[in-house]
**Q** 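This is the structure I have questions about; it appears just below.
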Amino acid sequence: MFGCMTRRIQDYILERKRCKARLVTKDGRCNIEYGNVKYSSQLHFLADFWTTFVEIRWRFVLFMFCAVFALSWFIFGLLWYWIARSNGDLKWQNPKPHHTPCVDNVKGLTEAFLYSVETQTTIGYGGRALTPYCPGAVALLIIQYLLGTIINCFLCGVILCKISLPKKRAKSISFSEMAVISPKNGSLSLSIRVANLRKSLMIGSQIYGKLLRTTYTPEGEKIIMDQVSIDFTVDAGKDNLFFVCPLTLYHIINKTSPFFEMAVDTLHKQEFELVVFFDGTAESTTSACQVRTSFLPQEIMWGYNFLPIISRSKEGKYKVDFSNFSRVVPMATAHCAYCFHNIKGHHHHSIGGQDNEGFEVIEINDPHSTNM
């Protein structure tokens, strides 16, 4: 039991290290920090205040929604209180019996605050009303109404924009947890699965990848994030995918592929990150979105293939079994891309073990079968 717990702790620590080492997490977030940014550069966020408000977290949006309305009501309440005080309408000022107030039934700060709320929200209960004898009060009514309308439009626009963000549609696009390398149509291919969990289509879908790794130039310069383009394709091509059901994406490992020099025993020793991008336009909202995920060397399985997930029922309907979406099965595969393309027989990599080329077969006679 103690050994099992220790193994789980070690796996958890290893997984945490992998997450920290990723540039792009499995759910598409970028693991990057910006430092030593000048103060003047940070003012650009205020210049583009609409994008700033849309991208902040929901907790801050809701807090800002409540705080802006409450603060505007309170500020205008103070202004209405000041007008009532200037006109001698307050209760403690003992107005004359035939005194004409600026606002009826506003005799204190609480009444002034309630009248501010009623004015900005256009409730109008009827107990408090503006009289036409104070020009300043009429001007303040117009200013509060216009400013309240602007606040309503801005905050409601921010909330509606956050609700309809393309990122939410991207949540229904799912990638397989692992990538596999196996033969496909006479070529050695790296395969990834992607699924659209909604029945609405993604129009103009395109998919591509970037291999991120650390390289050195001939001059000795270290490039930490060197990007190499990775092309993916499906059976029907790589442009304008018909994304009505889960698709298996293939990257052909040929001499131009960065995976050509890798082998089954060296793949997991490599240091790289394969980032896969999916771009498309939602059919229902016509909003463009991008889905990202990444694969580390430990998440690429050599010599495996995905299980089939699409079948057809007796009624003629197509069915998708998502229980097999990320499940794989062993498949005879060459132990390196070079052997697959250049050596006859491909030297298939065995899942159960590896062949010993130096093994020599000899015959041993059974002593019990020797003639006496």
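Please read all numbers here as calculations on a predicted model, not as lab measurements.
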**Q** To the nearest 0.5 Å, what is the distance between OG1 on Thr248 and NZ on Lys184?
**A**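 Here the interatomic distance stands at 7.5 Å.
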
**Q** Would you please test Leu23 and Met225 for side-chain contact (heavy atoms from CB on, under 4.5 Å) and show each step?
**A** CA-CA 10 Å; Leu23 176 64; Met225 198 183 299; 3.7 Å; yes

**Q** Nearest 0.5 angstrom please: Asn105 CG to Arg128 CZ, how far?
**A**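 Asn105 atom CG to Arg128 atom CZ measures 7.0 Å (nearest 0.5 Å).
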
**Q** Looking only at heavy atoms, what is the nearest atom pair of Arg29 and Asp27, with distance?
**A**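 Heavy atoms only, the tightest pair is NE-OD2, 3.1 Å.
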
**Q** Quick one about Asn185 and Ser187 (side-chain donor to acceptor, distance below 3.5 Å, no hydrogens or angles considered), yes or no?
**A**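 No - no donor-acceptor pair under 3.5 Å links their side chains.
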
**Q** side-chain contact (heavy atoms from CB on, under 4.5 Å), that's the test. Do Lys319 and Ile310 meet it? Break it down for me.
**A** CA-CA 6 Å; Lys319 294 184 177 181; Ile310 301 177; over 6 Å; no

**Q** Would Asp279 and Gln290 count as having a side-chain donor-acceptor pair, cut-off 3.5 Å?
**A**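 On atom types as modelled, these side chains qualify, holding a pair under 3.5 Å.
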
**Q** Mind checking whether Tyr304 and Ile181 have side chains closer than 4.5 Å, heavy atoms only?
**A**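 The answer is no, as the side chains (C-beta and beyond) never meet within the 4.5 Å cut-off.
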
**Q** Considering all heavy atoms of both residues, which atom of Val320 and which atom of Pro246 are nearest to each other, and what is their separation?
**A** CG1-CG, 3.6 Å

**Q** Are Ile223 and Val228 grouped together when hydrophobic residues (ILVMFWY) are joined by side-chain heavy atoms under 4.5 angstrom apart?
**A**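 Looking at the clustering, Val228 is in a separate group from Ile223.
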
**Q** Say whether, by atom type as modelled, one donor and one acceptor occur between the side chain of Ser176 and the main chain of Met178 under 3.5 angstrom.
**A**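 Confirmed, Ser176 side chain pairs with Met178 backbone.
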
**Q** Contact between Phe232 and Val194 at the side-chain level, heavy atoms closer than 4.5 Å - yes or no?
**A**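 They are not in side-chain contact.
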
**Q** Asn305 and Val180: which non-hydrogen atoms are nearest, and at how many Å?
**A** CA-CG2, 4.2 Å

**Q** Check the pair Asp89 / His99 against side chain to side chain donor-acceptor pair (under 3.5 Å), numbers first and verdict last.
**A** CA-CA 8 Å; Asp89 300 340; His99 175 74; 2.5 Å; yes

**Q** What pairs with Cys134 under disulfide bond (SG atoms under 2.5 Å apart), at least two apart in sequence or on another chain?
**A**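 With sequence neighbours excluded, Cys134 shows a disulfide bond (SG atoms under 2.5 Å apart) to Cys102, given in chain and number order.
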
**Q** Do other residues, nucleotides or ligands put more than 12 heavy atoms under 6.0 Å from Phe322 CZ?
**A** yes

**Q** With heavy-atom distances below 4.5 Å as the criterion, would you say the side chains of Tyr145 and Leu147 are in contact?
**A**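 Answer no - side chains too far apart.
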
**Q** Do Phe154 and Trp50 have ring centres separated by under 6.0 Å?
**A**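 Yes: the rings meet the under 6.0 Å criterion.
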
**Q** To the nearest 0.5 Å, tell me how far Arg213 CZ sits from Gln270 CD.
**A** 8.5 Å

**Q** Would you give the length of the straight line joining atom OG1 of Thr119 to atom CD1 of Ile142, rounded to the nearest 0.5 angstrom?
**A** 12.0 Å

**Q** Verify the cluster assignment for Phe175 and Leu307: are they in a single hydrophobic cluster under the rule of side-chain heavy atoms below 4.5 Å apart?
**A** no

**Q** How close do Tyr115 and Val106 get, counting heavy atoms only, and between which atoms?
**A**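 Distance-wise, the nearest heavy atoms are CB-CG2, 4.2 Å.
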
**Q** Taking all heavy atoms of Ala195 and all of Phe325, pick out the closest pair and write down the distance.
**A** CB-CE1, 3.5 Å

**Q** Check whether any side-chain N or O of Glu273 sits under 3.5 Å from a backbone N or O of Val24 as a donor-acceptor pair, and report yes or no.
**A**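 Yes; judged by distance alone, with no hydrogens or angles, the pair exists.
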
**Q** Quick one: does any side-chain atom of Thr333 pair with a main-chain N or O of Met331 as donor and acceptor, under 3.5 Å?
**A**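 Present.
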
**Q** Using a cut-off of 6.0 Å, state whether more than 12 heavy atoms not belonging to Ile224 lie near its atom CD1.
**A** no

**Q** Quick check: is Val103 connected to Ile143 through a chain of hydrophobic side chains (ILVMFWY, heavy atoms under 4.5 Å apart)?
**A**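 Yes: a chain of side-chain contacts under 4.5 Å links Ile143 to Val103.
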
**Q** Run the side-chain contact (heavy atoms from CB on, under 4.5 Å) test on Met202 and Ile173 for me, step by step, so that the C-alpha distance in whole Å, both residues' side-chain angles and the decisive distance to 0.1 Å come before the verdict.
**A** CA-CA 10 Å; Met202 297 294 293; Ile173 306 296; 4.2 Å; yes

**Q** Can you check whether Ile83's main-chain N or O pairs, donor with acceptor, with Asn87's side chain at less than 3.5 Å?
**A**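 Not at all, since once roles are kept as given, no pair shorter than 3.5 Å links the two residues.
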
**Q** Show every donor-acceptor pair shorter than 3.5 Å between a side-chain atom in residues 54-78 and any protein atom, with sequence neighbours excluded, or say none if there are none.
**A**
unit_1: Ser72; atom_1: OG; unit_2: Val68; atom_2: O; d: 3.1
unit_1: Ser72; atom_1: OG; unit_2: Phe69; atom_2: O; d: 2.8
unit_1: Ser72; atom_1: OG; unit_2: Gln120; atom_2: NE2; d: 3.1

**Q** Is the side chain of Ser257 donor-acceptor paired with the backbone N or O of Phe259 at a distance under 3.5 Å, no angle test?
**A**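 Pair found, side chain donor or acceptor close to backbone of Phe259.
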
**Q** With a 6.0 Å cut-off (strictly less than), is the heavy-atom count around CD of Gln93, excluding the residue itself, greater than 12?
**A**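 Atom CD in Gln93 is crowded, with more than 12 foreign heavy atoms closer than 6.0 Å.
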
**Q** Find out whether the Lys NZ or Arg CZ of Lys26 is both under 6.0 angstrom from the six-membered ring centre of Phe295 and within 45° of the ring's axis.
**A** yes

**Q** Between Ser86 (side chain) and Trp82 (backbone), is there a donor-acceptor pair under 3.5 Å?
**A** yes

**Q** Between Val158 and Ile163, is there a shared hydrophobic cluster once you connect ILVMFWY residues whose side-chain heavy atoms come closer than 4.5 Å?
**A**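 As far as the 4.5 Å side-chain criterion goes, Ile163 and Val158 are connected within one cluster.
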
**Q** Within the side chain of His268, is there an N or O that forms a donor-acceptor pair under 3.5 Å with the backbone of Ile300?
**A**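 Present.
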
**Q** Distance from Leu90 atom CG to Lys107 atom NZ, nearest 0.5 Å?
**A**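 So the CG of Leu90 and the NZ of Lys107 are separated by 10.5 Å.
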
**Q** Working to the nearest 0.5 Å, report the span between CD1 of Ile159 and SG of Cys161.
**A** 11.5 Å

**Q** Show the numbers, then the answer: is there a side-chain contact (heavy atoms from CB on, under 4.5 Å) between Trp80 and Leu140?
**A** CA-CA 8 Å; Trp80 287 115; Leu140 182 61; 3.7 Å; yes

**Q** Would you say Thr131's side chain and Pro101's backbone share a donor-acceptor pair under 3.5 angstrom?
**A**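 Here the side-chain-to-backbone pair exists.
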
**Q** Is any side-chain heavy atom of Phe306 less than 4.5 Å from a side-chain heavy atom of Arg327?
**A**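 Side chain of Phe306 against side chain of Arg327, heavy atoms only: no contact under 4.5 Å found.
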
**Q** Would you name the heavy atoms of Tyr133 and Thr100 that are closest together and state the gap between them?
**A** CD1-CG2, 3.2 Å

**Q** Compare all side-chain heavy atoms of Leu130 with those of Val138 and state whether any distance is below 4.5 angstrom.
**A** yes

**Q** State whether the side chain of His251 and the backbone N or O of Leu190 hold a donor-acceptor pair below 3.5 Å, judged by distance alone.
**A** no

**Q** Can you find a pair of side-chain heavy atoms, one from Val276 and one from Ile207, that are under 4.5 Å apart?
**A** yes

**Q** With a 4.5 Å cut-off on side-chain heavy atoms, are Glu271 and Pro297 touching?
**A** no

**Q** I want to check something: taking the side chain as every heavy atom from C-beta on, are Pro258 and Ile230 in contact at a cut-off of under 4.5 Å?
**A** yes

**Q** In terms of hydrophobic clustering (I, L, V, M, F, W, Y; side-chain heavy atoms under 4.5 Å; direct or indirect links), are Leu211 and Ile252 co-clustered?
**A** no

